[in-house]
Amino acid sequence: MAAHRPLIRLISFLLFMAPMAAGAQGLLIVDNPSEPVRLPRPIIIWPPHLPHPRPVPPPPPVSYKIKELDVQARLIDQVAQVQVSQTFVNTGRRVMEASFVFPLPYDGAIEQMTLLVDGKEYPAKLLDAKEARRMYEEIVRRNRDPALLEWMGTGLFRTSVFPVPAGESRTVSLRYAQLLRKHEGLTDFIFPLGTAKYTAEAPEKVSIRATIESASPIKNVYSPTHAVEIKRPDERNATVVFTSKNEVPTADFRLFYDVGGGALSTRVLSYRPSPGDDGYFLLLASPEIKSDGKKSAPKTVILVIDRSGSMSGKKIEQVREALKHVLNNLGEGDLFNIVAYDGSVETFRPELQRFNDETRNAALGFVEGLYAGGSTNIDAALKTAFAQLQDSTRPSYVVFLTDGLPTAGETNEMKIAGNAREYNRVRARLFAFGAGYDVNSRLLDKLARGNFGQSEYVRPDENIESQISRLYNRIESPVLTNVRLQFVFDEIAPAEGNPINRVYPSESFDLFAGEQLVLVGRYRKAGAAKVAVEGMVGERRQAFDFPAALVDKSHDESFAFIEKLWAVRRIGEIIDELDLKGQNEELVKELVELATRHGILTPYTSFMADDSVNLRDVRGNAAIAGRRLEALGESSGAGGFAQRRMKGAMQNAQQAPAAPGEGMMDGFGALPDSAPLAGARRESKQAAQNIRNIGNRAFYRRDGQWVDSQVTEKQEAAARRIKQFSDEYFDLAATHGRRFSQYMVFDEPVLLNIDDQAYLIEP
């Protein structure tokens, strides 16, 4: 009887090899001689108004779910000490016999490896790479599950067997240490989180906590894959936290950090898939962490607050608390004032005030006396605020808040935006907050873009206080202002022009203590370069320079995320230009091409989720997108609000989305369909069925097969047909490694481009 029980091998792959090498944590694989058992997948809830392509199969007799995954990592200089705890629940109807299998790193750099199942240690047997590969291939052939291909090809440790009764759970714990890789001075920590997608249900909780300890000051800390919370109590310690609940992970967790002395640290990573095309670079820059006793450079802050009638009630209460937060966190040497406006304009003091206990207490009293009532004179409020700024040698910030349209004084948005540029004689940075759906969001974007700042939008159900407080915490301590970056190359002839192009952010910017600058761009010339950084420290201009190396040809996809992050930012910039300057045929075409190649959905390109759309009909698709972009004519209301909030999120993206439309369709689900965007909500639901983002590729379901967006029509005509699970199929996996195998997760046929050769993999 026991001989016929399914044999479950728990495969835990930890990524200790080159960054793009295979890896997984907590993967149960059934090796049952009597029947194939595939990896579990979460059930996709098909939209009720769409026809289902196939009947929903009954639950399998052998299956499991990942209940919880907890990762604790301690990164000391270049060594990671990691503890993983993962709980599995047998959701099937049979007892599972399980063993834990752990791949050997490429260089054997594992120390102190301990494997526990419900607290009991299990001895492990070492299998070399050849024996391990044979075992993986045997399981792939038997279970006929293409997803298993991703984890072939390393040596491994394997424990003895342990049972998991039906309905019960087991907690597997792993402790290990590894030496981390470095790239251009950045230490690279990867935890293979993406394999947790093979589970019958979404994990209840996934949590990662990584602490960084260094003998030298920590500079850049950046995750290209996950929106993490970073706490930096001092210059030699940092804590990075990521938590998700009831979500299926789609990407491995990756974290970069570097150390060093000096007031500023800059690091550059590059990616160039083809020497014939421009490459992509990512630049990280961080100023030194401000110590407790160190003074920040003095700044000027003017708070311009809407107190019109629509601000009554909860809104004005939240604004009062936000103003109190700013006033209680101004520093010695700072200048400030408060401008409150409705149909008329009132200031706390006629001129800027130097911050001290006396002026703070008086300002707090002024804030308590704020009440809402009257109309909205935006132009006069900005004129009053900018008139107080006369000193161009110190950083100046105008925080502007409104919840409505201009109804008094000048009400034309073009004139208000033009006037603000004229009023601003000291290059102050304006941060505009739109609270609620009644704002003229296009006006706020024009004000921010014309005055070197940013616009942010606060939904009716969000807290104004927390949004303004978060902004002020960011700009509290300027370290380097009016910063400009330049790449300097040797032997560049003037006729060659600037080899660096389309850099985002494109304007000069300020760097603040504890802030991480993430800058992306493209380059034509490879090789050694120097990054020259200039900016103002107080009233002094200061210059820094750092070495950089831009690759001529990338031999793997370790840094392919840079291309996709650049594409997200570029799409945000295109939408912004179309919004503020009007339709442009070439820009719409570029928007469609970028969105198609990378699977980046917006309400203007979500029609690509319809499996009847021809991906290669750029002209026709651009015409559809152009009609949808007419929705940018909505300057106010929920539609205008949602579009400009989305646009700003793309322009300031810190990570590329791991799934189609992730974060980009935010807010559109609750909107009534406007004429240009009718269908976008339905199409966003189709995206889960018809578009997959894997690594740096976008795949579209068309005519019963999955098509790699990088396959050209000419390549498709000459595609090599490969039978799934054939010898040739496994030979391709052995030859190309993860460049091939990571894309073999589909049950349907898949058309894939590898080195300009198309392969059609058929079941």
Side-chain angles (χ1 to χ4, degrees), residues 10-27 66-88 100-122 124 126 151 154-159 170-183 186-196 203 205-215 218 221-226 228-231 237-244 249 251-259 558:
L10 177 59
I11 307 246
S12 177
F13 289 79
L14 292 168
L15 193 55
F16 305 124
M17 48 213 89
M20 295 308 296
Q25 94 299 318
L27 192 65
I66 301 170
K67 183 178 181 181
E68 188 169 337
L69 171 63
D70 179 73
V71 181
Q72 301 287 328
R74 188 181 181 196
L75 314 179
I76 306 174
D77 294 323
Q78 204 179 335
V79 176
Q81 299 175 356
V82 183
Q83 177 172 302
V84 184
S85 178
Q86 189 164 6
T87 301
F88 297 90
F100 191 89
V101 183
F102 176 80
L104 187 69
Y106 75 105
D107 57 0
I110 295 249
E111 299 176 358
Q112 304 170 349
M113 186 179 70
T114 305
L115 296 168
L116 303 172
V117 179
D118 284 353
K120 179 181 178 182
E121 184 169 351
Y122 277 71
L126 174 63
W151 305 295
T154 66
L156 53 84
F157 287 95
R158 175 183 171 187
T159 70
R170 291 290 183 268
T171 298
V172 180
S173 301
L174 170 68
R175 294 178 184 175
Y176 67 92
Q178 76 174 114
L179 182 67
L180 301 177
R181 284 271 177 112
K182 274 195 174 184
H183 310 276
L186 287 162
T187 301
D188 188 2
F189 171 68
I190 302 177
F191 184 81
L193 189 62
T195 53
K205 184 178 180 182
V206 175
S207 57
I208 299 177
R209 185 177 187 271
T211 60
I212 306 172
E213 305 170 31
S214 174
I218 299 168
V221 180
Y222 170 65
S223 172
T225 56
H226 291 75
V228 297
E229 179 185 2
I230 301 174
K231 297 179 180 179
N237 291 273
T239 300
V240 180
V241 176
F242 169 77
T243 303
S244 70
D252 293 341
F253 178 84
R254 196 167 185 184
L255 181 68
F256 292 108
Y257 65 93
D258 71 339
V259 300
S558 300

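What you see below is based on every heavy atom in this structure, not just the backbone, and it leaves out hydrogens, waters and symmetry mates.
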- Task: Apply side-chain hydrogen bond (donor to acceptor under 3.5 Å, both in side chains) to Gln78 and list each qualifying residue two or more places apart in sequence or on a separate chain.
- Result: none
- Message: I'd like to know if the side chain of Thr187 reaches the main chain of Asp258, judged simply by a donor and an acceptor atom lying under 3.5 Å from each other, with no hydrogens or angles considered.
- Response: no
- Note on the structure: salt bridge (charged side-chain N to carboxylate O under 4.0 Å, His left out) with Asp188: of Arg181, Lys182, Arg254, only one passes, and it is Arg254
- Should the ring pair Phe242 and Phe253 be called parallel, tilted or perpendicular, given that the plane angle runs from 0 to 90° and is split at 30 and 60? tilted
- By side chain to side chain contact (heavy atoms under 4.5 Å, CB included), Thr171 pairs with (sequence neighbours left out) Ser85, Thr87, Asp118, Ser173
- Query: Taking only residues two or more places apart in sequence or in another chain, which ones pass side-chain hydrogen bond (donor to acceptor under 3.5 Å, both in side chains) with Asn237?
  - Reply: Asp234
- Closest non-hydrogen atom pair, Ile218 against Ala238: CD1-N, 3.9 Å
- Val82: side chain to side chain contact (heavy atoms under 4.5 Å, CB included) partners, not counting sequence neighbours: Val71, Ala73, Ala80, Val84, Tyr176, Phe189
- Minimum heavy-atom distance between His226 and Ala251, given as atom pair plus value: CE1-O, 3.5 Å
- Taking only residues two or more places apart in sequence, or in another chain, which ones meet Ser207 in a side chain to side chain contact (heavy atoms under 4.5 Å, CB included)? Asp70, Lys205, Thr243
- Message: I need the Phe256 CZ to Leu180 CG distance, nearest 0.5 Å.
- Response: 11.5 Å
- Task: Tell me, please, which residues at least two apart from Tyr257 pass ring pair (Phe, Tyr, Trp, His ring centres under 6.0 Å).
- Result: none
- How about Ser214 and Val259: do any of their side-chain heavy atoms sit closer than 4.5 Å? yes
- Task: Write down the atom of Ile230, the atom of Val240, and the distance for their closest heavy-atom approach.
- Result: CG1-CG2, 4.3 Å
- In chain order, what residues pass the side-chain hydrogen bond (donor to acceptor under 3.5 Å, both in side chains) check against Ser244, with sequence neighbours excluded? none
- Query: Checking side chain to side chain contact (heavy atoms under 4.5 Å, CB included) for the pair Ile190/Thr225: CA distance, chi angles, key distance, verdict?
  - Reply: CA-CA 10 Å; Ile190 302 177; Thr225 56; over 6 Å; no
- Item | Straight-line distance of Thr239 OG1 to Glu213 CD, nearest 0.5 Å | 8.5 Å
- Message: What I'd like to find out is whether the side chain of Leu255 reaches to under 4.5 Å of the side chain of Tyr222, using heavy atoms alone.
- Response: no
- Message: I want to check something: taking the side chain as every heavy atom from C-beta on, are Leu193 and Leu69 in contact at a cut-off of under 4.5 Å?
- Response: yes
- Task: Report the residues that fulfil salt bridge (Lys or Arg N to Asp or Glu O under 4.0 Å) with Arg209, sequence neighbours left out, ordered by chain and then residue number.
- Result: none
